[in-house]
Undergrad: 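Have a look at this one before I ask anything.
Every heavy atom of this structure was used, including side-chain atoms; hydrogens, water molecules and symmetry mates were not.
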Amino acid sequence: MDILGHPASGLLPSALYLLLLLFLSFRSKAGNESAASAGLIQAFILLALIVHGIQLHDSVFAANGFVFGFAQDLSLIAWVGLAFYWFQSWFLPISSLRWLAVLFALVCSLLPSLFPGTLISPKAVSDPWFKGHFIVATISVGLLSLAAMHAMLMSVQDRALHRQLAIVPDSRVAHWLEDLPPLMTMESLLFNLLYVGFALLSLTVFSGLLFSQTLFGKPLVFDHKTIFALVSWFLFAGLLLARWRVGLRGRAAIRWVLSAYSALLLAYVGSRFVLEVILQRV
């Protein structure tokens, strides 16, 4: 996409995310965040999301068809994760996720410039069923990406509480950990993300299985993507079932989340990466 008619403007979302990270770094040195500063950061995130979203839509749903690849997939996942963070941060104490979400968006927004993707289907642009499936799939993986980042934060917080990490007292990391909500609150927020993400993932996986011919123009094939998607679904389902039946929590829950998310990435990103970069096929 050429925003304002200039080819280099495809890097504009990345530049905005980089400026935001620099500003966040400056604010962390300055001390506590004021209400005005917090509002400015939220407005800047929204601006970056709008620019990034326009770029993604116009480059994926191009005039000649549906252009996609692992880079576009990661960029979309990062966009959804940051968008959900932005919305939830107005109501929930999840500001600790901001650095990770913005950094993830910065890295992933650069990838489509390096790997432009391939034309998957000229008909997909006008097919509402395919668009619906694609949007739900992207939202579900984006939410579960945010949940995975949240789980990683919980792992760091848990290890710091048990003195398994060498944290310098009165350092920036120490103050950052002190600002995190209690682990019980973090765990509750994690499972709220997982419930919504799993519901959308279920809709994605089973609509793909049942309507493969309609959505993709070919009968269902149990390839690596399908197998890893099912493995991920069963892992997330097992995690939520264990949470309901035996109250699974703590490090076991975190490891389960990260394992299920790894399988999900292999399904939706890894398969495309292998085809495009390693095997040089579409």
Side-chain angles (χ1 to χ4, degrees), residues 1-63 67-69 71-117 131 134-150 153 172 176 179 189 193 196-197 200:
M1 171 189 167
D2 298 340
I3 304 172
L4 304 177
H6 196 285
S9 58
L11 298 175
L12 183 56
S14 306
L16 291 174
Y17 289 135
L18 180 59
L19 286 174
L20 180 58
L21 284 176
L22 292 174
F23 181 74
L24 290 175
S25 178
F26 171 76
R27 291 307 306 165
S28 66
K29 293 178 182 178
N32 292 332
E33 190 173 274
S34 65
S37 177
L40 180 61
I41 291 170
Q42 289 290 80
F44 202 99
I45 292 175
L46 179 60
L47 172 63
L49 282 170
I50 291 172
V51 174
H52 191 183
I54 292 172
Q55 182 201 41
L56 280 170
H57 181 274
D58 290 356
S59 60
V60 171
F61 293 104
V67 179
F68 206 61
Q72 289 73 22
D73 203 358
L74 277 173
S75 190
L76 277 165
I77 289 170
W79 185 88
V80 170
L82 183 59
F84 192 77
Y85 160 80
W86 181 87
F87 178 76
Q88 289 287 78
S89 64
W90 291 101
F91 312 103
L92 299 173
I94 57 173
S95 60
S96 52
L97 277 174
R98 185 167 54 199
W99 258 96
L100 275 179
V102 174
L103 180 61
F104 187 46
L106 166 62
V107 173
C108 293
S109 64
L110 285 169
L111 293 177
S113 300
L114 304 173
F115 304 97
K131 270 193 171 182
F134 175 75
I135 290 170
V136 172
T138 304
I139 292 174
S140 68
V141 181
L143 292 183
L144 293 171
S145 298
L146 196 61
M149 287 187 272
H150 195 90
L153 278 182
R172 184 184 299 182
W176 174 70
D179 290 338
L189 293 173
L193 289 172
V196 179
L200 293 176

Undergrad: Answer yes or no: is there a side-chain heavy-atom contact under 4.5 Å between Phe104 and Ser109?
TA: no
Undergrad: Please name the pair of heavy atoms, one in Leu200 and one in Val136, separated by the smallest distance, quoted to 0.1 Å.
TA: O-CG1, 3.7 Å
Undergrad: Nearest 0.5 Å, what's the OG-CD1 distance between Ser140 and Ile135?
TA: 12.0 Å
Undergrad: For Leu49 versus Trp79, what's the shortest heavy-atom pair and its separation?
TA: O-NE1, 2.7 Å
Undergrad: Do Phe84 and Leu193 have side chains that approach each other closer than 4.5 Å (heavy atoms only, starting at C-beta)?
TA: yes
Undergrad: Applying side chain to side chain contact (heavy atoms under 4.5 Å, CB included), run through Gln88 and Leu97 and close with a yes or a no.
TA: CA-CA 11 Å; Gln88 289 287 78; Leu97 277 174; over 6 Å; no
Undergrad: Which residues pass the side chain to side chain contact (heavy atoms under 4.5 Å, CB included) test with Leu110, sequence neighbours left out?
TA: Leu11, Ser14
Undergrad: Of the non-hydrogen atoms in Leu76 and Thr138, which two are nearest, and what is the gap between them?
TA: CB-CG2, 3.5 Å
Undergrad: What residues form a ring pair (Phe, Tyr, Trp, His ring centres under 6.0 Å) with Tyr85, not counting sequence neighbours?
TA: none
Undergrad: For Phe44, what residues pass the ring pair (Phe, Tyr, Trp, His ring centres under 6.0 Å) criterion, not counting sequence neighbours?
TA: none
Undergrad: Quick one: list whatever passes side chain to side chain contact (heavy atoms under 4.5 Å, CB included) with Leu46, sequence neighbours left out.
TA: Ile50, Trp86
Undergrad: Can you give me every donor-acceptor pair (side chain of residues 142-150, partner residue at least two apart or in another chain, under 3.5 Å) with its distance?
TA:
unit_1: Ser145; atom_1: OG; unit_2: Val141; atom_2: O; d: 2.7
unit_1: Ser145; atom_1: OG; unit_2: Tyr261; atom_2: OH; d: 2.6
unit_1: His150; atom_1: NE2; unit_2: Met186; atom_2: O; d: 2.8

Undergrad: Would you say that Trp99 contacts Leu21 through its side chain, given a criterion of any heavy-atom pair below 4.5 Å between the two side chains?
TA: yes
Undergrad: Does the side chain of Tyr17 come within less than 4.5 Å of Leu103's, by heavy atoms?
TA: no
Undergrad: Who pairs with Ser89 by side-chain hydrogen bond (donor to acceptor under 3.5 Å, both in side chains), at least two apart in sequence or on another chain?
TA: Gln42
Undergrad: Working to the nearest 0.5 Å, report the span between CD1 of Ile54 and OG of Ser59.
TA: 11.5 Å
Undergrad: To the nearest 0.5 Å, what is the distance between CG (Leu82) and CG (Leu20)?
TA: 8.0 Å
Undergrad: My understanding is that only residues two or more places apart in sequence, or in another chain, count here; which of them pass side-chain hydrogen bond (donor to acceptor under 3.5 Å, both in side chains) with Ser75?
TA: His52
Undergrad: Please answer whether the main-chain N or O of Phe115 pairs with a side-chain N or O of Gln72 as donor and acceptor at a distance below 3.5 Å.
TA: yes
